[in-house]
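Note that this is a predicted model, so its numbers are computed, not measured. Naming: A, B, ... by sequence-line order, numbering from 1 per chain.
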Amino acid sequence: MPQAMSPWPARMDLLQSLSGLLLVLFIWSHMFFESSILLGEDAMYQVSRMFEGEPFFGKPYPLIVSGVGITIFVLVAVHAILALRKFPGNSRQYRLLHQHMGAIRHPDTTLWYAQVATGFCLFFLIPAHLYTVITQPENIGPYASSDRVWSERFWIVYALLLLTVHAHAAIGMYRLFMKWYAPSGVNAKQTRARMKVAMWCILVFFTVLGSASLLTYMRIGYQHTDSVGERYKPATVQDKGH
Amino acid sequence: MQIIYTDVLVIGGGLAGQRAAIGARRRGHEAIVLSLVPAKRSHSAAAQGGMQASLGNCLGASGDNEDIHFADTVRGSDWGADQQVVRMFTHIAPKAIRELSAWGVPWNRVQQGTRDITINGQKQRIEESAAAHGLITARNFGGTEKWRACYVSDGTGHAMLYTMSNQAIAAGIPVHDRREALALIHDGERCCGAIVRNLQNGELLAYVAKATCIATGGFGRIYRVSTNAIINEGMGAAIALETGIAQLGNMEAVQFHPTAIVPAGILVTEGCRGDGGLLLDSAGHRFMPDYEPNKMELASRDVVSRRMEQHIAAGHGVKGRFGEHLWLDIRLLGKTHIERNLREVKEICHYFLGIDPVSDLIPVRPAQHYSMGGVRTDHRGQSPQLRGLFAAGEAACWDIHGFNRLGGNSVAETVVAGMVVGDSMADYCDSAEGALQISTTLIEAFGRREQQRLATIANGGSGENAFELTRLMQDTMTENVGIFRHGDKLKHAVDTLATLQQRATNITLRSSARGANPELVAAYRLQRMLKLAQCTAYGALQRTESRGAHYRADYPQRNDGQWLNRTLASWPEADARLPTLGYEKLDIMAMELPPGWRGYGDKDHIAHPDTDLRQREINAALAELGDNADRYQRQRTLMPFNHLLPAHLRGHNERLGDKT
Amino acid sequence: MNLIATEEGPRTLQISVLRHNPQDTESTPHWQTFELEEAQSMTLFIALNEIRQTMEPSLQFDFVCRAGICGSCGMLVNGRPGLACRTLTRNLPDKITLAPLPGFELIGDLSVNTGKWMRGMSEHLETWIHQHNLEQTDIDRLEERMEPELAEKIYELERCIECGCCIAACGTARMREDFIGAAGLNQIARFRLDPRDERTDADFYTLVGDESGVFGCMTLLGCEDYCPKDLPLAAQIAFLRGRMVAASL
Ligand SMILES: Cc1cc2nc3c(=O)[nH]c(=O)nc-3n(C[C@H](O)[C@H](O)[C@H](O)COP(=O)(O)OP(=O)(O)OC[C@H]3O[C@@H](n4cnc5c(N)ncnc54)[C@H](O)[C@@H]3O)c2cc1C
Ligand code: HEM
Ligand code: HEM
Ligand code: SF4
Ligand code: F3S
Ligand code: FES
């Protein structure tokens with residue numbers, strides 16, 4: 001009889017998927033909050049204050065944001081370490097893989113590869129973003145963010161991040177579905193095709209949403225070029241000022 | 001030359017071979033299986049329709065037992081079978097299926113409650129009993145009284161072979177695949193292994209064994225149009241023949257299956273008709289009832305095939321690009337049934353014809369399908385001429401099929417014979433007779449002889465082409481030794497084959513590729529196949545009667561007076577152009593079921609004077625027994641066979657309806 | 001019927017075969033192209049035999065059943081794995097490339113040793129019914145009952161013909177030689193389903209609970225898409241993954 005085996009491969013596989021799932025849920029909600037800028041500077045201001053806990057504690061604690069940022073960072077790190085095991089390990093594997101993909105041109109294998117490639121980019125992009133989030137949590141707001149996007153040229157990072165993370169997330173969700181459930185029976189092919197359509201729809205949706213907000217940040221940032229560093233005063237406060 | 005020693009050498013990794021090896025292994029003997037291809041790719045995997053065993057579980061099978069299976073089989077064989085062996089077979093078949101069931105074959109099961117079936121073109125509603133729920137079910141097959149073909153969808157052979165192979169792997173039996181036995185090593189009385197060619201690198205090896213079993217399947221590829229795998233070239237039977245000592249039985253008894261698709265010749269199972277499919281002609285007319293009002297599409301294969309050809313000859317064939325054909329109609333079975341129970345059929349239609357049998361007709365025509373003939377053995381599977389040589393499965397003429405095999409009886413035979421022969425070989429190995437005394441000189445001599453034969457082909461010749469000669473042989477057989485035979489054509493075939501044999505000694509290879517060298521393979525196999533073809537053609541020419549699948553247009557009657565016998569072919573002179581034929585009489589006075597009408601096919605035959613005699617004897621014996629005797633007692637009185645069985649296979653088979 | 005419907009003149013096919021004979025030390029892998037006139041209902045089985053019989057007698061390839069049943073003839077047709085015997089040339093472009101299935105020991109030209117790989121897999125995963133008293137089964141008695149539906153489900157997974165297409169179609173298998181592939185995982189799923197097999201999930205975990213087993217699979221789905229028998233591989237692997245994770249917790 002075979003010897004007892006370690007339970008860790010199973011746990012790591014589960015953890016990889018769970019961390020991925022959480023990250024996807026995070027980034028999707030993140031997109032809604034962060035695109036509040038589309039509803040106006042005020043909305044974005046309220047959302048950022050909310051995350052700093054103002055509605056609960058009466059005054060903002062930016063450290064909460066740092067805390068969340070660190071948590072996410074840990075999650076990303078765990079996920080990345082687990083997922084990195086799947087990267088081709090050496091040049092031989094890399095060559096074989098490319099040969100294989102070139103010959104077979106199989107859509108789902110290509111999707112997986114897109115996930116690996118985007119994952120690789122995220123490895124650099126996410127820390128860049130999270131670094132600012134964690135170290136300058138107070139610098140989140142309609143003007144501060146827009147300044148960063150425009151005047152500090154962060155829009156380049158965000159544009160890349162936007163595309164890669166949503167591709168990675170949407171593909172990831174489709175693949176999670178196939179990995180843990182995978183339809184069977186007479187309608188299996190149809191269900192899978194539908195999931196794929198859903199994947200593309202989600203991808204397009206978030207890319208459009210994200211692009212729109214990014215452009216908005218850029219516009220605000222551009223208009224705000226002259227007064228970089230100035231913080232946004234919510235409409236109510238501004239009114240008092242008049 | 002490397003020499004490998006083992007107790008039991010099984011040549012052939014199909015159902016028969018692997019079961020025999022498992023049997024010997026379980027008795028504590030070392031066994032090695034040789035195969036041309038990985039064992040699970042053997043042609044047994046292609047059997048679709050089912051395996052006959054009289055379980056009697058489902059409604060259509062209720063009341064079935066060994067007696068009815070026996071009678072069906074003997075009638076099917078046109079009384080050519082060895083009735084004692086048929087008895088052994090029908091007795092063991094239920095055990096074989098139950099063993100396979102325990103080993104993992106997912107046999108289709110009886111579902112209690114009502115269900116719609118198609119019989120004679122009509123939908124009928126039947127109800128299966130709760131008592132039978134979950135037991136192995138069966139479907140209807142040609143030439144049988146009861147529904148007896150147990151099945152696994154239409155991948156029966158596949159499921160059986162995989163289970164069997166897995167058991168062989170579990171038992172640690174090595175399969176040396178991509179190796180071909182080229183010759184049997186023997187000293188004139190005793191067989192002790194084989195010279196084998198490694199098909200990957202071309203090297204020769206010797207396998208030395210106490211018992212050697214030939215389980216190499218059929219030889220359909222001597223024909224051009226055949227449902228057989230392309231490896232079914234009969235090399236096992238051929239090397240037995242080439243010993244000059246062992247004899248082949250009934251080589252002229254070749255079965256043609258009614259429903260091979262046109263033009264590929266790929267089989268669609270008899271299950272199509274068993275489940276209610278019909279045969280139609282160019283006018284869309286169902287013609288079988290015109291010829292066979294009783295069994296219609298489900299008469300035995302020889303009869304249906306003949307009727308189809310007859311109908312085509314009468315001008316009712318469908319003219320297509322590849323000649324004429326008829327239609328198989330399974331549309332009436334409905335989509336659900338087809339997709340569930342005839343899945344492979346659907347796949348074959350889809351890939352090879354580009355049609356969907358749910359809505360389209362399938363173009364079919366009879367094609368060579370099964371070789372009833374093979375290495376003649378006694379009831380325990382040993383060659384009566386060459387000790388230490390055994391045979392099982394389609395390669396053998398154990399003789400349960402006589403001149404026509406019933407659908408589903410073949411895979412059943414492979415397993416049953418495997419069980420018996422595995423045991424016989426173990427007994428043989430255990431006996432004093434089995435002790436191996438063989439000189440390496442003899443082994444080397446055989447090795448050198450084969451090496452020499454290969455070298456002659458590789459280096460010599462005067463320009464003949466192996467592939468072309470093979471095609472000529474196949475054409476000759478298909479055109480002249482087919483469903484309808486005639487003295488003139490047979491004579492022509494025998495002459496042509498003789499010329500081809502001559503030409504085959506002058507083959508020149510165009511390729512000297514190292515390793516396997518497929519052209520060399522074709523060349524040496526051709527020389528052997530020609531001998532088998534000649535046994536078939538010459539045997540058919542000599543047999544001036546019609547029996548089972550052997551139909552002589554010039555002698556259309558079955559002639560029990562003269563021909564109630566088994567043809568035995570041997571080839572004592574390697575260079576001879578013709579086999580030596582002998583005949584083994586079938587003794588009516590020992591038969592449980594004396595010859596008569598089969599219940600389908602032509603009614604007129606020339607009876608043997610013993611037939612009436614024996615029938616009277618039987619009637620008297622049964623009358624003497626009285627009405628209280630049970631069916632076992634009655635059977636035992638007429639033709640005892642229990643003593644022939646391996647001891648552990650003698651028990652009665654339990655059935656649902658049994659009174660306990 | 002479309003057999004009769006296609007009335008264009010015959011095409012000339014250009015079939016390029018990746019050739020290599022490892023038995024011959026001088027042989028190196030190279031492409032050889034053959035031109036051949038397409039015939040009605042021509043399959044790659046027919047085409048390759050014609051090439052061997054009339055042009056290149058040393059060409060090596062494997063066919064056994066030529067009916068899509070035995071799994072011998074898997075090869076890469078225009079880069080994609082499939083059964084050559086049931087591939088009709090009329091569904092292919094004029095230029096066809098044929099290469100041996102990758103991931104298996106090459107015997108020569110298009111012939112690879114899938115059989116050896118599969119036997120190794122079977123031995124490793126013990127693909128047979130494990131029952132402690134199997135040899136004592138009384139075969140005179142009625143067989144054990146089984147739900148008809150369950151029997152059909154088992155057969156659904158039993159249909160694998162060990163052709164190796166799923167292995168050749170799998171990027172993971174290409175990268176990791178020890179990966180048992182969809183064919184192997186399907187076997188485990190099959191025996192897991194079978195009540196006659198007494199093994200528990202913990203037992204199965206010891207067979208496939210690592211990176212060479214179910215956790216090595218990266219859900220590339222080539223197996224599912226190229227299995228010529230349309231086995232529900234993705235669903236089975238997914239299910240097995242779940243069961244194995246449950247067994248580990
Ligand atoms: C298409 C088709 C469908 C069928 N359907 C049914 C059915 O539904 N029911 C039924 O009862 N019967 C059916 N039959 C018949 C039945 O499948 C066969 O008769 C039976 O499976 C033969 O089994 P076997 O073990 O004797 O030989 P096979 O399974 O043919 O095995 C022969 C073995 O011998 C090996 N071999 C051959 N020559 C050599 C050599 N020289 N050296 C080493 N090894 C060698 C081969 O590699 C192979 O492993 C069908 C047959 C065909 C063609
Ligand atoms: C707690 C952690 C995070 C916080 C608080 C946060 C906050 C923000 C904020 C405020 C913006 C607006 C631009 C700016 O202020 O710089 C933004 C943009 C963005 N963030 Fe995050 N983020 C977090 C984590 C992440 C992570 C983990 C990802 C990706 C994996 C991510 C992806 C993005 C992207 C793509 C944009 C650009 C949006 C657009 O194009 O509209 N963020 N984030
Ligand atoms: C450094 C950052 C990241 C890297 C290097 C990375 C890498 C990878 C890789 C290589 C895979 C494929 C693993 C496999 O197929 O088994 C993967 C899967 C996945 N990733 Fe990421 N990823 C990163 C960040 C993220 C983020 C931010 C998200 C969420 C938006 C995410 C969501 C997923 C999901 C859902 C999967 C599928 C999980 C699975 O297959 O088990 N990843 N990741
Ligand atoms: S799972 Fe499918 S592709 Fe894989 S070996 Fe089996 S039949 Fe072939
Ligand atoms: S292609 Fe390979 S990675 Fe998994 S889903 Fe199939 S086994
Ligand atoms: S030759 Fe058997 S599957 Fe192709």
Under 4.5 Å from any heavy atom of chain C, what part of [X] do you find: side chain, backbone, both or neither?
| X | value |
| --- | --- |
| B/Arg221 | side chain |
| B/Arg343 | side chain |
| B/His133 | both |
| B/Ile348 | side chain |
| B/Thr156 | neither |
| B/Pro106 | both |
| B/Val175 | both |
| B/Leu267 | neither |
| B/Gln48 | side chain |
| B/Val152 | both |
| B/Ala39 | neither |
| B/Ala466 | neither |

B/Lys95 and B/Glu99: salt bridge (Lys or Arg N to Asp or Glu O under 4.0 Å), yes or no, with the steps? CA-CA 6 Å; B/Lys95 302 181 200 304; B/Glu99 179 177 82; over 6 Å; no
If you count every heavy atom of other residues, nucleotides or ligands that lies below 6.0 Å from C/Arg141 atom CZ, does the total exceed 12?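 Atom CZ in C/Arg141 is not crowded, with 12 or fewer foreign heavy atoms closer than 6.0 Å.
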Just give me the residue among C/Asp230, C/Thr43, C/Asp62 that pairs up with chain B most often, heavy atom to heavy atom, under 4.5 Å.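 Top count of heavy-atom pairs under 4.5 Å with chain B: C/Asp62.
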Look at C/Leu134, C/Asn113, C/Leu88 and state which one has the largest set of heavy-atom pairs under 4.5 Å with chain B.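 The residue among C/Leu134, C/Asn113, C/Leu88 with the greatest pair count is C/Leu134.
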Restricting to side-chain contact (heavy atoms from CB on, under 4.5 Å), what partner residues turn up for C/Glu143, sequence neighbours left out?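 C/Glu143 satisfies side-chain contact (heavy atoms from CB on, under 4.5 Å) with B/Leu55, B/Asn57, B/Arg98, B/Ser101, B/Arg109, B/Leu135, B/Ile136 only.
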Report, by ascending residue number, the residues of residues 49-58 of chain C in heavy-atom contact with chain B at a distance under 4.5 Å; give 'none' if the set is empty.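 C/Arg52, C/Gln53, C/Thr54, C/Pro57, C/Ser58 fall under the 4.5 Å cut-off.
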For the residue pair B/His158 / B/Glu344, report whether a side-chain donor-acceptor contact shorter than 3.5 Å exists.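 No, B/His158 and B/Glu344 have no side-chain donor paired with an acceptor closer than 3.5 Å.
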Segment of C/Asp197 engaging chain B (4.5 angstrom heavy-atom cut-off):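 When you check distances to chain B, no heavy atom of C/Asp197 falls under 4.5 Å.
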